[in-house]
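Okay, structure first, notes after.
Everything quoted here is computed from the prediction, not taken from an experiment.
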Amino acid sequence: MKKNTLLMSSFIVIFILLSAFSILHPEKEKEDRLVVAFGDSLTYGYGDQEGSGYIDNLQSSLNSHNKGNYKFDNEAIYGLESSGILSQLSDISIREKVDEADYFILFIGTNDLINSNGENLENLKHEKIKKGQAVYLKNLDVILNILTDKNEKAPILLLGLFNPYPDSRAIEVVIDDWNKKIMKVAENEKQVVFIPTNDLFKGKDKSQYFSDSLHLNDKGYNLIADRILKRCTFE
């Protein structure tokens with residue numbers, strides 16, 4: 001009799017503990033979503049006095065519309081080129097995040113383009129830009145292969161480049177060419193969603209959306225965040 005009473009008491013204690021845990025942590029693992037972002041200063045959010053650019057806007061929007069608990073890990077670094085992301089992906093701690101991610105954001109190439117022309121977009125040197133583009137596209141292909149090999153389920157949101165000098169027709173032609181090549185790379189990967197950004201700033205007063213000659217302000221980053229939300233279905 002005593003043994004039965006003791007056994008029953010043990011079951012009751014275990015049941016109470018499990019119930020308490022479920023109340024405190026209701027399906028936590030199922031609710032959490034991890035978004036890992038890679039990029040340069042435009043993903044870092046440089047120039048946004050209100051926060052950290054489009055990443056902050058995305059996180060706030062997603063979490064305020066009862067779509068779950070989205071956590072963002074922003075690995076962007078000011079001045080980064082595509083080769084820099086390859087270096088990041090060789091880091092063990094970042095590779096672990098790649099395994100766990102539910103979504104990826106990849107916005108890279110602006111510095112590859114600018115640096116191939118001599119660290120600015122003045123006096124366009126098309127042969128040098130073409131060589132820089134070839135290296136960039138090769139790096140981009142490797143980056144996408146690493147992400148898809150390590151994580152076969154997470155969508156990769158690949159953002160296209162935008163023209164920081166929308167009044168320059170010569171630069172516009174170069175940006176269009178790079179974006180066409182980026183889209184071709186994206187077409188080969190079923191997990192990749194290409195998200196254009198260049199059209200967002202055409203015909204607009206640059207002073208209203210840029211914080212300097214290259215970087216956006218909070219209004220500019222808001223446009224990118226809104227575009228991502230419209231082009232990608234977050235679950």
Task: Which atom of Y103 lies closest to which atom of C232, heavy atoms considered - done: CE2-SG, 4.3 Å
Open item on the list: Rounded to the nearest 0.5 Å, what separates atom CD1 in I108 from atom CG in L86?
Closed with: 10.0 Å
TODO: Flag the pair F104 / V192 as yes when at least one side-chain heavy-atom distance between them is below 4.5 Å, and no otherwise.
DONE: no
Task: Atom pair CG/CD of N57 and Q59 - distance to nearest 0.5 Å - done: 10.5 Å
Open item on the list: Tell me whether K206 at atom NZ has more than 12 heavy atoms from other residues, nucleotides or ligands lying less than 6.0 Å away.
Closed with: yes
Task: Within 6.0 angstrom of K131 NZ, more than 12 heavy atoms from elsewhere - done: no
Task: Polar side-chain atom of S168 near backbone of Y165 as donor-acceptor pair, under 3.5 Å - done: no
Open item on the list: Grouping I, L, V, M, F, W and Y whenever their side-chain heavy atoms are under 4.5 Å apart, do M183 and L144 come out in a common cluster?
Closed with: yes
Task: Pair N115, E81: side-chain N/O donor-acceptor within cut-off below 3.5 Å - done: yes
Open item on the list: If you compare all heavy atoms of K128 against all heavy atoms of S116, which two are closest, and at what distance to 0.1 Å?
Closed with: CB-O, 3.3 Å
Open item on the list: I'd like to know whether OH of Y46 has more than 12 heavy-atom contacts from other residues, nucleotides or ligands below 6.0 angstrom.
Closed with: no
Task: Stepwise ring-ring contact (aromatic ring centres under 6.0 Å, His included) check, H215 with Y221 - done: CA-CA 9 Å; H215 301 95; Y221 285 121; 8.3 Å; no
Task: Heavy atoms of other groups near Y44 OH, more than 12 under 6.0 Å - done: no
Task: Note, V98 side chain near E100 side chain (heavy atom, < 4.5 Å) - done: no
TODO: Working to the nearest 0.5 Å, report the span between CG of L80 and OG of S41.
DONE: 9.5 Å
- [ ] Take S211 and L216 through the side-chain contact (heavy atoms from CB on, under 4.5 Å) test and state the conclusion after the steps.
- [x] CA-CA 5 Å; S211 63; L216 303 172; 6.0 Å; no
- [ ] Please step through side-chain hydrogen bond (donor to acceptor under 3.5 Å, both in side chains) for the pair N198 and N163, ending with a clear verdict.
- [x] CA-CA 6 Å; N198 193 34; N163 182 2; 5.3 Å; no
TODO: Kindly say whether L147 contributes a backbone atom to a donor-acceptor pair with the side chain of Q191 at under 3.5 angstrom?
DONE: no
Open item on the list: Does E75 form a side-chain contact (heavy atoms from CB on, under 4.5 Å) with I94? I'd like the steps, not just the answer.
Closed with: CA-CA 9 Å; E75 296 292 339; I94 290 181; 3.7 Å; yes
Open item on the list: Under 4.0 Å between a side-chain nitrogen and a carboxylate oxygen: does that hold for D177 and K130?
Closed with: no
Open item on the list: Restricting to non-hydrogen atoms, name the atom on D112 and the atom on S82 that form the minimum distance, rounded to 0.1 Å.
Closed with: OD2-OG, 2.7 Å
Task: Sub-4.5 Å side-chain heavy-atom contact between F210 and P164 - done: yes
Open item on the list: Can you tell me which residue among D56, L34, L62 is in a side chain to side chain contact (heavy atoms under 4.5 Å, CB included) with F72?
Closed with: L62
Open item on the list: Donor-acceptor pair, distance only, cut-off 3.5 Å: does the side chain of S61 make one with the backbone of L58?
Closed with: no
Task: Residue pair N217 / Q49, side-chain heavy-atom distance below 4.5 Å - done: no
Open item on the list: Are the side chains of K202 and E172 in contact, using a 4.5 Å heavy-atom criterion?
Closed with: yes
Open item on the list: Students often mix this up, so state it plainly: with edges at 30° and 60°, are the rings of Y70 and F234 parallel, tilted or perpendicular?
Closed with: perpendicular
- [ ] Output the distance between atom CG (D48) and atom CG (D218), rounded to the nearest 0.5 Å.
- [x] 5.0 Å
- [ ] Applying side-chain contact (heavy atoms from CB on, under 4.5 Å), run through L223 and K204 and close with a yes or a no.
- [x] CA-CA 12 Å; L223 291 180; K204 290 185 172 65; 4.2 Å; yes
- [ ] Drop me the distance from E122's CD to I114's CD1, to the nearest 0.5 angstrom.
- [x] 11.0 Å
Task: Passing candidate, side chain to side chain contact (heavy atoms under 4.5 Å, CB included) with T43, options I77, I224, L159, N74 - done: N74
Open item on the list: Determine whether D40 and T110 satisfy the following criterion, side-chain contact (heavy atoms from CB on, under 4.5 Å), listing intermediate values before the conclusion.
Closed with: CA-CA 8 Å; D40 51 34; T110 299; 3.9 Å; yes
Task: Within-4.5 Å side-chain heavy-atom neighbours: D199 and R227 - done: yes
Open item on the list: I'd like to check L140 versus L106 (side-chain heavy atoms, cut-off strictly below 4.5 Å). Are they in contact?
Closed with: yes
Open item on the list: Checking S87 now: which residues fulfil side chain to side chain contact (heavy atoms under 4.5 Å, CB included) with it, not counting sequence neighbours?
Closed with: none
Open item on the list: If we ignore hydrogens and angles and just use 3.5 Å, is the side chain of N145 paired with the main-chain N or O of D141 as donor and acceptor?
Closed with: yes
- [ ] Please work out which of the three classes, parallel, tilted or perpendicular, describes the rings of F107 and F162, given edges at 30° and 60°.
- [x] tilted
Task: Short side-chain donor-acceptor distance under 3.5 Å, S83 and N139 - done: no
Task: L158 side chain reached by V193 side chain, heavy atoms, under 4.5 Å - done: no
Task: Straight-line distance of S90 OG to I146 CD1, nearest 0.5 Å - done: 8.5 Å
